[in-house]
Amino acid sequence: MAAVVLVHGLYHCPEHFALVTELLRTAGTEVVVPELHKGSLPADTAAVQAVIDSLPEPPTVLGHSYGGSVITGVHGAGHLVYLAAFVPDVGESAAGLGGASPQLQDAITPEPDGSTSLHPDRAADTLYGDCPEPLAAWAAGLLRAQASGCGRGIPERHSWKHTPSTYIVCAQDRAIDPVLQWKMASRCSDVHEWQTGHSPFVGRPDLVVELLQELL
């Protein structure tokens with residue numbers, strides 16, 4: 001069975017996928033969750049590419065939010081899953097496609113070193129507003145500072161043009177406008193709409209696992 005590679009978004013980390021990872025591994029699926037925060041889109045893409053290259057079969061690769069820009073630039077995936085994610089075309093970046101919603105922008109806090117972080121309470125409402133409060137607080141507590149410029153990076157490859165792909169529109173998303181998601185979803189082979197917020201891997205991990213198992 002092919003492996004699953006889970007690619008997190010800005011401010012997030014591999015631990016945010018813990019609920020999905022546990023369910024998949026319990027079912028016998030190999031899961032790899034690379035660490036991003038390498039400082040640029042090319043560096044983040046290289047980190048994911050190294051994981052794909054290390055696997056014996058082409059994996060199913062899921063990218064969340066900014067992670068969509070990352071997985072767009074890889075090669076060798078068997079299937080791409082864009083979860084409320086950016087699907088850039090030639091010359092496009094996540095920021096150029098529309099980027100963060102006003103509500104998410106309001107949660108961003110500049111740091112003295114030039115990085116940015118998210119205000120925990122505002123982030124919890126924006127990113128995990130449909131999740132039970134303990135889960136939202138847990139996820140918000142995992143958020144990390146983010147180097148500037150990653151969202152403005154332009155992928156060097158556009159793997160969705162020649163790899164089967166599925167887009168998941170999160171209809172209650174407060175971080176990326178669902179209207180924008182539908183626009184980007186038109187670039188993918190298949191589209192599903194979930195009645196969730198931006199982060200179903202926290203609030204509805206069962207949905208994510210079920211989809212990935214179907215694709216496998």
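Index from 1, following the sequence.
With hydrogens and angles ignored, the 3.5 Å screen pairs no side-chain donor or acceptor of W160 with any backbone N or O of I71. Within the 3.5 Å criterion, the main-chain N or O of L127 finds a donor-acceptor partner in the side chain of S199. Checking side-chain atoms of S159 against main-chain N and O of T72 turns up a donor-acceptor pair under 3.5 Å. Put simply, the side chain of Q181 gets close to the backbone of C170: a donor and an acceptor are under 3.5 Å apart. H64 places a side-chain N or O within donor-acceptor distance of the main-chain N or O of H198, the cut-off being under 3.5 Å. Here the side chain of S189 pairs a donor or acceptor atom with the backbone of S165 at under 3.5 angstrom.
What you find for A43 and K38 is that their closest heavy atoms are CB-CB, 3.5 Å. When every heavy atom of P34 is checked against every heavy atom of A47, the shortest pair comes out as CB-O, 4.5 Å. In this structure, A77 and P58 approach most closely via the heavy-atom pair C-CB, 4.0 Å. Closest approach of I52 and G76 over heavy atoms only: CG2-O, 3.8 Å. What you find for G39 and D44 is that their closest heavy atoms are N-OD1, 4.2 Å.
Remark: H16 pairs with Y128 by the side chain to side chain donor-acceptor pair (under 3.5 Å) rule, at least two apart or across chains. The salt bridge (charged side-chain N to carboxylate O under 4.0 Å, His left out) search around D206 returns R204, not counting sequence neighbours. In this structure, the salt bridge (charged side-chain N to carboxylate O under 4.0 Å, His left out) partners of R144, at least two apart in sequence or on a different chain, are E15, E35.
V70 and I154 fall into different hydrophobic clusters, where Ile, Leu, Val, Met, Phe, Trp and Tyr are joined by side-chain heavy atoms under 4.5 Å apart, directly or via other members.
If you take CG on L104 and CD1 on I176, they are separated by 8.0 Å, rounding to the nearest 0.5 Å. Between the CD1 atom of I168 and the CG atom of L207 there is a distance of 9.0 Å, given to the nearest 0.5 Å. Note that SG of C150 and NE2 of H37 are 8.5 Å apart. Values are rounded to the nearest 0.5 Å. Between L10 atom CG and I108 atom CD1 the span is 8.5 Å, to the nearest 0.5 Å. Rounding to the nearest 0.5 Å gives a distance of 7.5 Å between CG of D173 and OG of S101. Separating the NE2 atom in H8 from the CZ atom in F201 is a distance of 10.0 Å, to the nearest 0.5 Å.
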(message) Quick one, L97 with D89, criterion side-chain contact (heavy atoms from CB on, under 4.5 Å). Give me CA distance, side-chain angles, the key distance, then yes/no.
(response) CA-CA 9 Å; L97 281 167; D89 204 340; over 6 Å; no
(request) Decide yes or no on side-chain contact (heavy atoms from CB on, under 4.5 Å) for E30 and L55, but give the supporting numbers first. (result) CA-CA 10 Å; E30 181 180 359; L55 296 169; 3.6 Å; yes
(request) Check the pair F17 / L62 against side-chain contact (heavy atoms from CB on, under 4.5 Å), numbers first and verdict last. (result) CA-CA 11 Å; F17 283 117; L62 180 149; 4.1 Å; yes
(request) Begin with the C-alpha distance, continue with both residues' side-chain angles, and end with the deciding distance and a verdict on side-chain contact (heavy atoms from CB on, under 4.5 Å) for V191 and S186. (result) CA-CA 8 Å; V191 184; S186 67; over 6 Å; no
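With 3.5 Å as the limit, one finds no donor-acceptor pair spanning the side chains of T166 and H192. For the residue pair Y11 / T116, a side-chain donor-acceptor distance below 3.5 Å is found, with atom types taken as modelled.
Among pairs with a residue in residues 175-199, those fulfilling salt bridge (Lys or Arg N to Asp or Glu O under 4.0 Å) read E92-R187, at least two apart in sequence or across chains. The ring pair (Phe, Tyr, Trp, His ring centres under 6.0 Å) contacts involving residues 77-107 comprise nothing, where partners must be two or more places apart or lie in separate chains. Sorted by first and then second residue, the salt bridge (Lys or Arg N to Asp or Glu O under 4.0 Å) pairs with a member in residues 124-141 read D125-R174; sequence neighbours excluded.
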